[in-house]
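Atoms within a ligand are numbered from 1 in the order they appear, just like the ligands themselves.
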Amino acid sequence: MAHSHTTTPMRVRFAPSPTGALHLGNVRTALFSWLAARATGGDFILRIEDTDQERYVEGGDLTVFETLRWLGLDWDEGPEVGGPHAPYVQSQRKALYTEYGEKLVAAGHAYWCTCTPDRLEAMRLEQQHRGQPTRYDRHCLSRQDEIATHRAAGGTAVLRLRMPEGMSAWDDVVRGRIEFSNAEIDDSVLLKSDGFPTYHLAVVVDDHLMEITHVIRSEEWIPSTPKHLALYAAFGWTPPAFAHVPIVLGPDKKKLSKRHGAKRLLDYRSDGYLPAALINAMALLGWSPPGDEDILSVDDIVKLFDIHDVHASPAVFDPQRLDAINARHIRLLPPAELAHILGAWLDRDPESLLPLIPLVQERITTLEDASTLLSPIFSTAVIWGDDVAFPPKNVTVDQAITLLDACRSDVAANGTADPTGLRTRLTETVTSLGLKPRDAFRVIYCALFGQPTGIPVFDAMAVLGQEATAARLVAARERLVPASEQV
Ligand code: GLU
């Protein structure tokens, strides 16, 4: 793979509409923008595009901030941090868009329109009937004086872009040359009758004023780009570079959606995924690192990433791959750091978790798995699973009693601090009883945890300590009635 790093610092932005929770697909786009900025020593700008009042969701912006912060995708300019182009929330920039809209009118690139929804609908139906593309027919273009009077008297109108004739073309950073015939492009609304700008006007004005060098966004916006290029030309501005990154598909090759259990990104946090693992997994959705190793830290990715290397083909998100990546990231953590993370996760003192780290680090896929594995150790009493057979299969009551008694007297004599010694001594008892170690040790597992599987049982005893271990062995012993006493 060609790998010539772009050294010119990029100014990029993530411009979500706060219409709900962020999902993996839109966050992947944010990640690519952030990486492009960090990889080139540029700036990452966060801008909230909240001009669509109908789709507005209360607190949607806070979810955006929380999601990006959890992942460590820090922004250099934007809400809460400020910057030279503040405000970074479009609803607070309304007057600006009106001003730029008026400039377009004055230069003949935009016109007012008062067509009613009914008229537009009838026009569309007729165009469809004739097999024509549905486009605004410029009915109002010749009525501008009339509409000016109407507006002066307090009447409302929308502002439309007068889409020029000819072609629109650009060299997309991801997809190469893209061309459109402008005949396919409608005269889009730029200002709505409520005075708010549409996405098209606001995005172009802001990307220009905020000096964005590279617009990195989902390929779903490709059909909008000719409109944006027309606006840049109308204003006499140089357009930024465009990088339309592939959409993210689910394992069934359909657009990732709730159907696939596409979650809110923050749900991965509550499910016990590490931010670094999500970044790693998302980075691979449309980008491949130059070497063979694809388990990468955020720093590694920043060093290797180049937006020019993103491929155009759709990216497929595989939840199992994320699990594998998360597990690998957990394995690679220094034990003290995992103790720290699990401390926060389990609400326990990280110091006290240190001895448990070797028991879980190789066994868990998510942090939540550690809760499951460790909860039998933390619970004060053994919670017996409903369907747990005790004694477990292949072991008689009398054999189980012998084992528990042997274990208890060994623990009383030697404590639990030497799991290997304890295991070796108990193995003698197991052999003398003619049992397989796996069957026999299941007795001890059940006695300590109320279930036959979990973390290594002798190590768990070391963590439980002499007293708790002995108490649990006694309690389990009391559940068993020797054959001689049975009626
Ligand atoms: N507000 C748009 C969105 O919700 C931004 C698209 C763009 O990046 O230009 O995705």
Side-chain angles (χ1 to χ4, degrees), residues 10-37 42-57 59-65 67-68 73 75 77-79 85 87-94 97 161 168 170 172-175 178 185 188-190 192 196-232 237 239-248 255-257 262 264-265 282 285-286 307 310:
M10 292 183 184
R11 270 183 71 83
V12 297
R13 86 306 191 264
F14 177 50
S17 304
T19 51
L22 291 181
H23 294 94
L24 199 123
N26 27 38
V27 179
R28 193 285 317 260
T29 302
L31 172 64
F32 280 0
S33 298
W34 182 86
L35 286 171
D43 299 301
F44 178 59
I45 291 120
L46 176 62
R47 184 173 71 224
I48 299 296
E49 304 207 327
D50 60 346
T51 60
D52 191 344
Q53 297 293 295
E54 280 162 34
R55 294 172 63 217
Y56 183 76
V57 174
D61 51 349
L62 300 178
T63 311
V64 170
F65 307 155
T67 306
L68 297 183
L73 304 183
W75 53 101
E77 295 171 30
H85 303 286
Y88 293 88
V89 178
Q90 287 186 330
S91 60
Q92 296 168 22
R93 301 167 65 82
K94 203 174 151 193
Y97 310 119
L161 169 67
S168 298
W170 73 96
D172 198 274
V173 173
V174 171
R175 317 177 75 86
I178 299 183
I185 319 284
S188 293
V189 173
L190 302 175
K192 293 177 275 187
F196 274 94
T198 58
Y199 159 68
H200 302 301
L201 179 61
V203 79
V204 167
V205 167
D206 286 348
D207 283 343
H208 173 73
L209 295 179
M210 295 179 183
E211 301 175 77
I212 300 303
T213 62
H214 291 71
V215 166
I216 298 172
R217 62 184 172 199
S218 154
E219 63 178 308
E220 290 165 291
W221 297 102
I222 290 174
S224 296
T225 306
K227 300 173 186 185
H228 302 174
L229 288 172
L231 283 167
Y232 281 99
W237 297 336
F242 291 94
H244 288 98
V245 301
I247 52 165
V248 178
K255 193 187 170 206
L256 195 65
S257 71
R264 300 171 340 123
L265 198 99
M282 288 192 292
L285 297 172
I307 189 69
V310 170

All ring pair (Phe, Tyr, Trp, His ring centres under 6.0 Å) counterparts of Trp221, not counting sequence neighbours: Tyr199

Listed partners of Thr19 passing side chain to side chain donor-acceptor pair (under 3.5 Å), at least two apart: none

Audit row: Leu22, Phe14, side chain to side chain contact (heavy atoms under 4.5 Å, CB included) steps and yes/no: CA-CA 12 Å; Leu22 291 181; Phe14 177 50; 4.3 Å; yes

Lys/Arg N to Asp/Glu carboxylate O, Glu220 vs Lys255, below 4.0 Å: yes

Flag, side chain of Glu219 to backbone of Ile247, donor-acceptor distance under 3.5 Å: yes

Pairs flagged by salt bridge (Lys or Arg N to Asp or Glu O under 4.0 Å) wherever residues 13-35 is involved - sequence neighbours left out: Arg13-Asp207

Proximal protein residues to ligand 1, non-hydrogen atoms under 4.0 angstrom: Arg13, Ala15, Ser17, Glu49, Tyr199, Val203, Arg217, Trp221

